[in-house]
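Beneath this line is the structure, given in structure tokens, with notes to follow.
Every value quoted in this text rests on a predicted model; they were computed, and no experiment measured them.
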Amino acid sequence: GAPVFHFDVLPWGGGTPRYVLFISEKWLAIYDAKERRWVFSWVPVVPLTGGAPIAAGPDHLEVLLASEDGLLRAIRWQGKLEAPASVTVIRPGDVMERVTPFTGTPGQALLSGHAGLYLFRGPDSLERLREGAFVDACRLPGTESVVGVTSTGEVVRMDRDESSAGTSK
């Protein structure tokens, strides 16, 4: 089957969890485990290369998707899961291989691309942290530091603080 990028329970609705988010190369869907039915389903025309929820709460959800055509889609649900409240399409100028939530900062994500590692802060804010082909990245807990893995398997740490924002070491 198609690679699965994300499969997890959502905090939607508060109380006992019942919704599951499913993101694969060929499908984005939300399943209601209590009612045993699909609440939302979308099949992209172009295969997805990555995706993850970047913000989630009892009445909101934001998912960031990357696709083979080099587009990002920020999809937001507010108040109901049956249909998104908004879909924003972004052309970042690179094909992203992985979308990783920027742990501890809702609405932000690390994007591992063919030409660089990026920090997504919203549809109007995309910062390249480092040039090169990256396949994955994560934030070190409790810090602004990011660790990325290049397409050749090199592990790279980038330390960021207020005085050196936008720089890498």
Side-chain angles (χ1 to χ4, degrees), residues 3-14 17 19-25 28 30 44 48-78 84-169:
V4 174
F5 305 124
H6 190 84
F7 182 77
D8 203 1
V9 175
L10 295 172
W12 191 274
Y19 297 100
V20 177
L21 176 64
F22 178 88
I23 305 171
S24 78
E25 182 181 78
L28 166 67
I30 300 171
L48 299 176
T49 57
I54 60 171
D59 66 347
H60 69 279
L61 171 65
E62 184 174 359
V63 172
L64 187 62
L65 303 173
S67 54
E68 281 184 0
D69 58 3
L71 297 179
L72 295 173
R73 288 168 181 82
I75 305 174
R76 303 184 90 140
W77 287 263
Q78 187 72 45
S86 68
V87 177
T88 304
V89 178
I90 305 139
R91 185 174 302 277
D94 194 356
V95 176
M96 305 302 170
E97 290 296 326
R98 170 87 84 189
V99 176
T100 307
F102 197 56
T103 307
T105 310
Q108 295 187 15
L110 292 167
L111 304 174
S112 303
H114 291 181
L117 179 63
Y118 304 85
L119 177 59
F120 173 89
R121 289 193 178 103
D124 297 323
S125 180
L126 184 65
E127 175 189 355
R128 181 160 43 186
L129 302 176
R130 176 72 67 92
E131 289 186 19
F134 283 84
V135 295
D136 206 351
C138 65
R139 179 182 193 175
L140 294 176
T143 74
E144 289 296 313
S145 297
V146 171
V147 175
V149 179
T150 68
S151 61
T152 61
E154 180 185 4
V155 176
V156 180
R157 177 178 170 157
M158 290 148 275
D159 295 318
R160 299 166 41 84
D161 60 28
E162 290 181 20
S163 63
S164 63
T167 65
S168 314
K169 297 178 183 172

- Item | Backbone N/O of Val149 and side chain of Asp136: donor-acceptor pair under 3.5 Å | no

- Item | Side chain proximity check, Leu129 to Leu110, heavy atoms < 4.5 angstrom | yes

- Item | Donor-acceptor contact present, side-chain Thr49 to main-chain Met96, <3.5 Å | yes

- Query: Should we say atom CD of Glu131 is surrounded by more than 12 heavy atoms from elsewhere, each under 6.0 Å from it?
  - Reply: no

- Message: Any heavy-atom pair between the side chains of Glu144 and Asp159 that's under 4.5 Å?
- Response: no

- Item | Least distance between heavy atoms, Ala55 atom then Pro106 atom | CB-CB, 4.3 Å

- Student check: side-chain heavy atoms of Gln108 and Leu119 closer than 4.5 Å: yes

Kindly list each side-chain donor-acceptor pair under 3.5 angstrom involving residues 4-14, sequence neighbours excluded, with atom names and distances?
none

- Item | Heavy-atom check, side chain of Leu117 versus side chain of Val156, under 4.5 Å | no

- Are any non-hydrogen side-chain atoms of Val63 and Trp77 less than 4.5 angstrom apart? yes

- Task: Could you walk me through whether Leu140 and Arg157 pass the side-chain contact (heavy atoms from CB on, under 4.5 Å) test, one step at a time?
- Result: CA-CA 9 Å; Leu140 294 176; Arg157 177 178 170 157; 3.7 Å; yes

- Flag side-chain contact, heavy atom, 4.5 Å: Leu61 against Tyr19: no

- Euclidean distance, Tyr118 OH relative to Phe134 CZ, rounded to 0.5 Å: 10.0 Å

- Item | Value rounded to 0.5 Å, distance of CZ in Arg121 from OG1 in Thr105 | 9.0 Å

- Note on the structure: Of all heavy-atom pairs linking Leu126 and Pro92, the shortest is CD2-CB, 3.4 Å

- Query: Okay, side chain of Arg76, backbone of Thr88: is any donor-acceptor separation there less than 3.5 Å?
  - Reply: no

- Would you give the length of the straight line joining atom CD of Glu62 to atom OG of Ser86, rounded to the nearest 0.5 angstrom? 7.5 Å

- Item | Considering all heavy atoms, the nearest Ser67-Val95 contact | O-CG1, 4.2 Å

- Task: Determine the minimum heavy-atom distance between Ala66 and Leu72, stating which atoms define it.
- Result: CB-CD2, 3.8 Å

- If you take all heavy atoms of Ile54 and Ala109, which pair is closest and at what distance? CG2-CB, 3.7 Å

- Item | Heavy-atom closest contact (Met158 atom, Gly148 atom, distance) | CE-N, 4.0 Å

- Evaluate the criterion side-chain contact (heavy atoms from CB on, under 4.5 Å) for residue pair Leu28 and Ile75; output intermediate values, then yes/no. CA-CA 11 Å; Leu28 166 67; Ile75 305 174; 3.8 Å; yes

- pair Arg130-Val146: side-chain heavy atoms closer than 4.5 Å: no

- Query: Does any non-hydrogen side-chain atom of Leu65 lie less than 4.5 Å from one of Val99?
  - Reply: no

- Is atom CZ of Arg139 surrounded by more than 12 heavy atoms (other residues, nucleotides or ligands) closer than 6.0 Å? yes

